[in-house]
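Below is one structure, written out as structure tokens; the observations come after it.
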Amino acid sequence: MPELPEVETVRSGLASLVVGSTVTGVQVFRPSCVRLQQGGEGEFAMRLHGMVLDAVVRRGKFLWIPLAEAEDAGSAHTPAMALSAHLGMSGQFRVFEGDPPEPHSHCRARLHLESPDGPRTVDFLDQRTFGYLVAERMQPTPDGLPGGHGSALPAVPHTVAHIARDALDPAADDGHIVSRIRRGSRGIKQVLLDQTVVSGVGNIYADEALWAARIHPQRPAEAVSTPQARALLAAVRTVMTRALAQGGTSFDALYVNINGESGYFSRELAAYGRAGQPCERCGGLIVREHIGGRSTHWCPRCQRRYGPQASRN
DNA sequence: AGTAGCACCTGATTGC
DNA sequence: TGCAATCAGGTGCTAC
């Protein structure tokens with residue numbers, strides 16, 4: 001599943017292939033992929049047509065492409081609009097140079113571009129259709145700092161305004177994240193998955209970070225100490241940084257891929273998908289349980305529910 | 001306000 | 001063999 005490292009791989013691949021291109025045509029094969037667009041696919045196509053793709057930016061799992069008017073392209077003028085994209089569970093972008101092939105059966109939308117190097121085609125594929133595209137207005141960031149990775153613009157699209165900065169964002173406020181992590185009665189894993197607390201963490205890296213920090217996924221957030229919350233945030237960063245380093249090597253630039261389930265990093269997972277196997281730290285058996293509808297993996301021996309001193313799991 | 005639960009969706013896998 | 005139930009899960013909405 002695409003989490004921050006996978007989405008960043010997509011972002012950098014897309015950026016290298018489409019920035020500076022002009023939209024010359026828009027095809028929507030499945031209208032639900034633009035379900036967030038006010039006015040539907042007609043409005044979507046109209047807002048994109050003739051615009052220049054100025055950058056590819058990411059915050060957490062959210063991607064967007066600031067759209068410049070042709071006469072403003074490359075200038076310091078701040079784009080008012082962006083093409084936003086979320087990959088959901090199974091979204092992919094593929095870029096073709098020259099004549100594109102027939103659209104894949106999972107292709108939900110296709111953008112035709114004109115670049116200085118000739119025509120380009122961008123396909124948005126999404127088997128499970130949880131992903132979406134939307135052409136929408138940008139708004140300033142409250143702190144005046146860059147909205148995400150890939151652009152210095154202090155702006156984010158409307159659908160991203162409520163999403164917290166991600167764990168790898170240089171502008172992330174650790175003190176604020178730690179205090180929000182420790183708030184409330186929810187299980188700590190639920191809090192990690194809450195994109196308004198810290199963004200970019202999905203089901204796989206949540207389990208990995210909790211394992212690394214030795215915290216039970218169901219420990220109430222308010223029972224997590226400040227040092228533990230700091231360690232957990234550090235673990236989130238470590239696991240996503242390592243995954244990103246691997247993801248970066250497993251993709252071909254022309255086949256802009258996401259491949260959460262079979263990337264090289266899957267071999268390094270310590271908890272996720274390892275139910276019944278020994279914990280590599282203590283030898284206890286990793287367990288799997290459905291928590292809040294999500295499969296959750298942990299070591300009951302070294303991840304204690306109520307803290308290091310508790311005798312009960 | 002904070003939290004829980006469900007809808008959304010399709011293809012692969014499992015069970016009978 | 002064939003069909004139906006189950007599973008995967010990120011986000012956003014609704015209900016409590």
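Quick caveat, the model's predicted, so the values are computed rather than measured. Within every chain, numbering begins at 1; the chains are lettered A, B, ... in the order of the sequence lines, protein sequences first and strands thereafter.
Taking atom CZ on A:Arg186 and atom P on B:dT3, their separation rounds to 5 Å, with Å as the unit. Between the CD atom of A:Gln218 and the C1' atom of B:dA4 there is a distance of 14 Å, rounded to whole Å.
Heavy-atom minimum distance, A:Gly20 versus A:Pro116: O-CD, 4.2 Å.
Partners of A:Phe130 by ring-ring contact (aromatic ring centres under 6.0 Å, His included), not counting sequence neighbours: none found. Qualifying salt bridge (Lys or Arg N to Asp or Glu O under 4.0 Å) partners for A:Arg59, counting only residues two or more places apart in sequence or in other chains: none. A search for salt bridge (Lys or Arg N to Asp or Glu O under 4.0 Å) contacts involving A:Asp126 returns nothing, not counting sequence neighbours. Checked against ring-ring contact (aromatic ring centres under 6.0 Å, His included), A:His112 has no partners two or more places apart in sequence or in another chain.
Recorded end-axis angle for the helix from B:dG2-C:dC16 to B:dC16-C:dG2 stands at 60°, based on five pairs per end and rounded to 10 degrees.
Checked by atom type and distance alone, the side chain of A:Gln228 pairs as donor or acceptor with a backbone atom of A:Ser225 at under 3.5 Å.
Residue-to-nucleotide proximity on DNA chain B shows that, of A:Gly187 and A:Phe130, the 5′-proximal contact is made by A:Gly187.
With a heavy-atom cut-off of 4.0 Å to chain A, the contacted part of DNA chain C has its first and last nucleotide at C:dA8 to C:dG12.
Listed pair A:Arg183 / B:dA1 fails the phosphate criterion, with no side-chain N or O lying under 4.0 Å from OP1 or OP2.
Counting non-hydrogen atoms of neighbouring residues, nucleotides and ligands closer than 6.0 angstrom, the CZ atom of A:Arg281 exceeds 12 such neighbours. Within a 6.0 Å sphere centred on CD of A:Glu71, heavy atoms belonging to other residues, nucleotides or ligands number more than 12. Sparse packing is recorded around CZ of A:Arg230, with 12 or fewer heavy atoms of other residues, nucleotides or ligands lying under 6.0 Å away.
Contacts between residues 188-203 of chain A and DNA chain C, defined by a heavy-atom separation under 4.0 Å, are made by A:Gln195, A:Asn203.
Within the structure, the ring-ring contact (aromatic ring centres under 6.0 Å, His included) test picks out no pair touching residues 172-200 of chain A (sequence neighbours left out). Each side chain to side chain donor-acceptor pair (under 3.5 Å) pair with one or both residues in residues 191-201 of chain A, not counting sequence neighbours, appears once here: A:Arg186-A:Asp194, A:Asp194-A:Thr196.
Among the protein residues, A:Tyr272 comes within range of the sugar-phosphate backbone only, with heavy atoms under 4.0 Å from sugar or phosphate atoms but none that close to a base. Contacts of A:Ser32 with the nucleic acid, taken as non-hydrogen atoms under 4.0 Å apart, are absent. Among the atoms of the strands shown, none is found under 4.0 Å from any heavy atom of A:Arg180.
Listed by chain and number, the hydrophobic cluster partners of A:Trp64 are A:Leu36, A:Val57, A:Phe62, A:Tyr132, A:Val134, A:Met138, A:Leu153, A:Val156, A:Val160, A:Ile163, where partners are ILVMFWY side chains within reach of under 4.5 Å, directly or through others. Residue A:Leu193 shares its hydrophobic cluster (ILVMFWY side chains chained together at separations under 4.5 Å) with no other residue.
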Look for any protein N or O under 3.5 Å of an N or O in nucleotides 11-13 of chain B and output each such pair with its distance, or none.
| residue | atom | partner | partner atom | Å |
| --- | --- | --- | --- | --- |
| B:dG11 | O4' | A:Gln127 | OE1 | 3.3 |

